[in-house]
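These notes are about the structure you will find just below.
These numbers were taken from a predicted model, which means no experiment stands behind them. First the proteins, then the strands, lettered A, B, ... as listed; each starts at 1.
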Amino acid sequence: MSTELLKDLRARGLVFQIAGEEALPAWLDAESRTLYCGFDPTADSLHIGSLVPLLMLRRFQLAGHRPLALVGGATGMIGDPSFKAQERQLNTPDVIDGWVGRLRDQVSRFVDVDAGACSAEIVNNLDWTRGLDVLTFLRDVGKHFSVNAMIQKESVKQRLDREGSGISYTEFSYMILQSYDFAELNRRYGCGLQIGGSDQWGNITGGIDLTRRMNGSTVYGLTMPLVTKADGTKFGKTESGTVWLDAAKTSPYAFYQFWLGTSDADVYRFLRYFTFLDVDVIAQIEKEDAAGQGRPQAQGILAREVTRLVHGNDGLYAAERITRSLFDGDLKALSAADLSQLKLDGLPSSSLSRADLPETVTQLLTEAGMTRSGKQVKDALLSGAVSVNGEALGWADNGSPAACLASERALHGRFFVVRLGKKKVHLFDLT
RNA sequence: GGAGGGGUUCCCGAGUGGCCAAAGGGAUCAGACUGUAAAUCUGACGCGAAAGCUUCGGUGGUUCGAAUCCACCCCCCUCCA
C-alpha cells in the first residue's frame with residue numbers, strides 16, 4: 001500500500017529527496033505511521049506555496065497514515081533563514097499568536113481530523129518550547145549540534161558567504177528549534193517522518209540526527225520539489241500579489257482564475273502536484289490536448305480541481321459562474337439577479353451613487369482597485385482596452401465618467417461591467 | 001571600541017554638483033498575435049486628466065542648483081580588538 005504511495009509520489013514528481021531511502025518503503029508498509037509537516041505563521045493565512053505539503057499530508061493520510069500538521073507558534077517567532085537572502089523582521093508574539101489560530105483552522109481543512117486511528121492532529125511547537133529555559137535548552141539540545149556542521153548547511157550558506165547580508169544568532173538557531181520539534185513529536189506521538197519543501201532538507205536532517213541522539217530512534221525525511229514555472233518567474237504571484245488560501249484574501253474567483261492562467265508548459269506538472277487525479281488520467285489529458293487543436297482542457301481541469309480542494313464546491317461554483325458569465329457568455333443576457341449574484345460570488349465590484357462619480361475615468365477605475373495607477377488606465381484607454389458593458393472607451397472619454405456610465409448604457413438600469421484589458425473586470429452598481 | 005565597505009524608484013543595479021523622475025536588466029501592466037497559454041514585437045512602468053507635485057537611509061547645512069559636497073545620526077556588511 002505504501003510502496004504504492006511512494007511509487008505514485010515519484011510518478012507525480014513530488015519526491016525531491018529522501019533521508020533513509022532504503023528503509024523508508026518497508027517502514028511505511030509495516031504499519032500505519034505518523035508523519036508531520038510544519039507551517040510557520042508568517043502571515044494571517046497560508047498561500048499556495050504551502051499547498052503541496054498540505055496535500056502531501058493528505059496523500060499520506062489517504063494511504064493509511066496519521067498526519068500531524070504543526071503550526072509553528074515557536075519557530076514563527078524566530079524566522080527560518082533557509083535560503084532566505086535577508087534577515088527577517090520579527091513580529092510581535094500576540095500577532096503571531098493570532099496567526100497561529102488562523103493557520104490552525106486553515107490547515108485542518110486539508111486533513112481529516114476524524115479518521116479513527118489515522119485522525120490528523122494539529123500541534124503547536126510553542127506547547128513544548130514555551131516552558132523550556134535557556135540553560136536546559138543549551139545543555140540538552142544545543143550540545144547535540146556541531147556549529148561546524150551547521151555552517152556547512154547549504155540553506156544558510158548564502159547568508160554566511162554573501163556580501164551585504166548576514167545572519168543573526170536568532171535565525172541561526174532556527175534549525176535547532178525545528179530539529180527539537182521532530183525529536184519531541186517522535187517522543188510524544190511516535191512520529192517517524194518529516195516532510196517539507198526542498199528548502200527544508202537541512203532542517204529535516206538536523207531533526208533526524210537529533211532524534212537519534214536524544215531518543216535513539218531512527219526517523220525519516222522526505223522533501224518535495226520547489227514549485228517552479230517554466231518561464232522562470234516566481235510561482236504564486238499575480239499583479240495583486242500573493243495567492244492566498246484564505247477566501248477573504250484571495251477570492252475563489254481570483255483563485256480559480258490564477259490556475260486557469262497556468263501556462264501549457266507547466267499545467268500537466270501542476271496537475272500532478274496539486275490534484276488527486278490519477279497520474280494515468282493526467283497523462284491521458286495531456287495526450288488529448290496534444291492531439292487536439294486550440295485551447296487545451298488541462299487549465300480548466302486544474303482550476304476546477306484545486307479550487308474545489310481549497311474552497312469547496314460552493315467556492316468553485318461561484319468562481320465558475322463568474323467565469324462563464326464574463327468570458328463565455330453574453331453580458332446582455334445576464335439578468336439583474338445574475339449580476340447581483342456575481343457580486344456575491346466575489347466578482348470585484350463597487351456600489352456608488354451617481355453623485356459620487358469622480359472627475360475622470362482614471363480615478364474611477366483606480367479607486368475601484370482595477371489598477372495601481374491612473375497611468376495604467378490611461379495606457380489602456382489609449383489602446384482601446386477599456387470597455388463598459390462591451391462598448392470600448394477612448395482617451396477622449398476620460399474626462400466624462402458620467403457619460404461613460406450613462407443610464408442608457410446600463411444593464412438593468414444600474415449595472416456596468418467594466419473591463420480593463422482581457423482579464424480585469426469590475427462591476428459597478430450605480431444608484 | 002577601531003578600521004574599511006555600503007544603504008538609489010517593486011527587485012537587482014548604474015549614477016558621484018545642473019543634460020536626473022534618475023541608465024540597464026528583471027518583475028509587472030496594456031496592445032498586436034493567440035487559446036483568459038508560451039514565445040515574439042510594441043508601449044507603459046513615482047503620483048497626477050493636466051498644470052504640476054513628491055523621491056535616491058534620516059536630519060540639518062553649503063550652493064543659483066544636490067541622489068551626488070559637508071556635519072551629525074540610524075541601519076547593514078567585512079576585518080581587527
Taking pairing as Watson-Crick or G-U wobble with both contacts under 3.5 Å, can you name the mate of [N], or confirm there isn't one?
N: B:C79; result: B:G2
N: B:U40; result: B:A32
N: B:G46; result: B:C53
N: B:U16; result: none
N: B:A71; result: B:U59

Quiz item: Under a 4.5 Å cut-off applied to non-hydrogen side-chain atoms, are A:Lys249 and A:Thr242 in contact?
Solution: no
Indicate, with a heavy-atom threshold strictly under 4.0 Å, whether [X] touches base, sugar-phosphate, or nothing.
X: A:Asp264; value: base
X: A:Lys424; value: sugar-phosphate
X: A:Gly399; value: nothing
X: A:Glu359; value: nothing

Distance check, [atom1] atoms only: [N] and [M], in whole angstrom units.
N: B:U68; M: B:U28; atom1: C1'; answer: 30 Å
N: B:U78; M: B:C73; atom1: C1'; answer: 22 Å
N: B:C10; M: B:C29; atom1: C1'; answer: 13 Å

Is there a side-chain contact between [X] and the phosphate of [N], meaning an N or O under 4.0 Å from OP1 or OP2?
X: A:Arg295; N: B:U36; value: yes
X: A:Ser263; N: B:A37; value: no
X: A:Lys423; N: B:A37; value: yes
X: A:Lys378; N: B:A50; value: yes
X: A:Thr362; N: B:A49; value: yes
X: A:Gln363; N: B:A49; value: yes

Quiz item: Cut-off 3.5 Å, side chains only: do A:Asp379 and A:Gln376 have a donor facing an acceptor?
Solution: no
Quiz item: Is the distance between the ring centroids of A:Phe235 and A:Phe274 less than 6.0 Å?
Solution: yes
Quiz item: Should the pair A:Phe415 and A:His412 be assigned to parallel (<30°), tilted (30 to 60°) or perpendicular (>60°) ring geometry?
Solution: perpendicular
Filtered N/O pairs between nucleotides 40-46 of chain B and protein, under 3.5 Å:
| unit_1 | atom_1 | unit_2 | atom_2 | d |
| --- | --- | --- | --- | --- |
| B:G43 | N2 | A:Asp379 | OD2 | 2.8 |

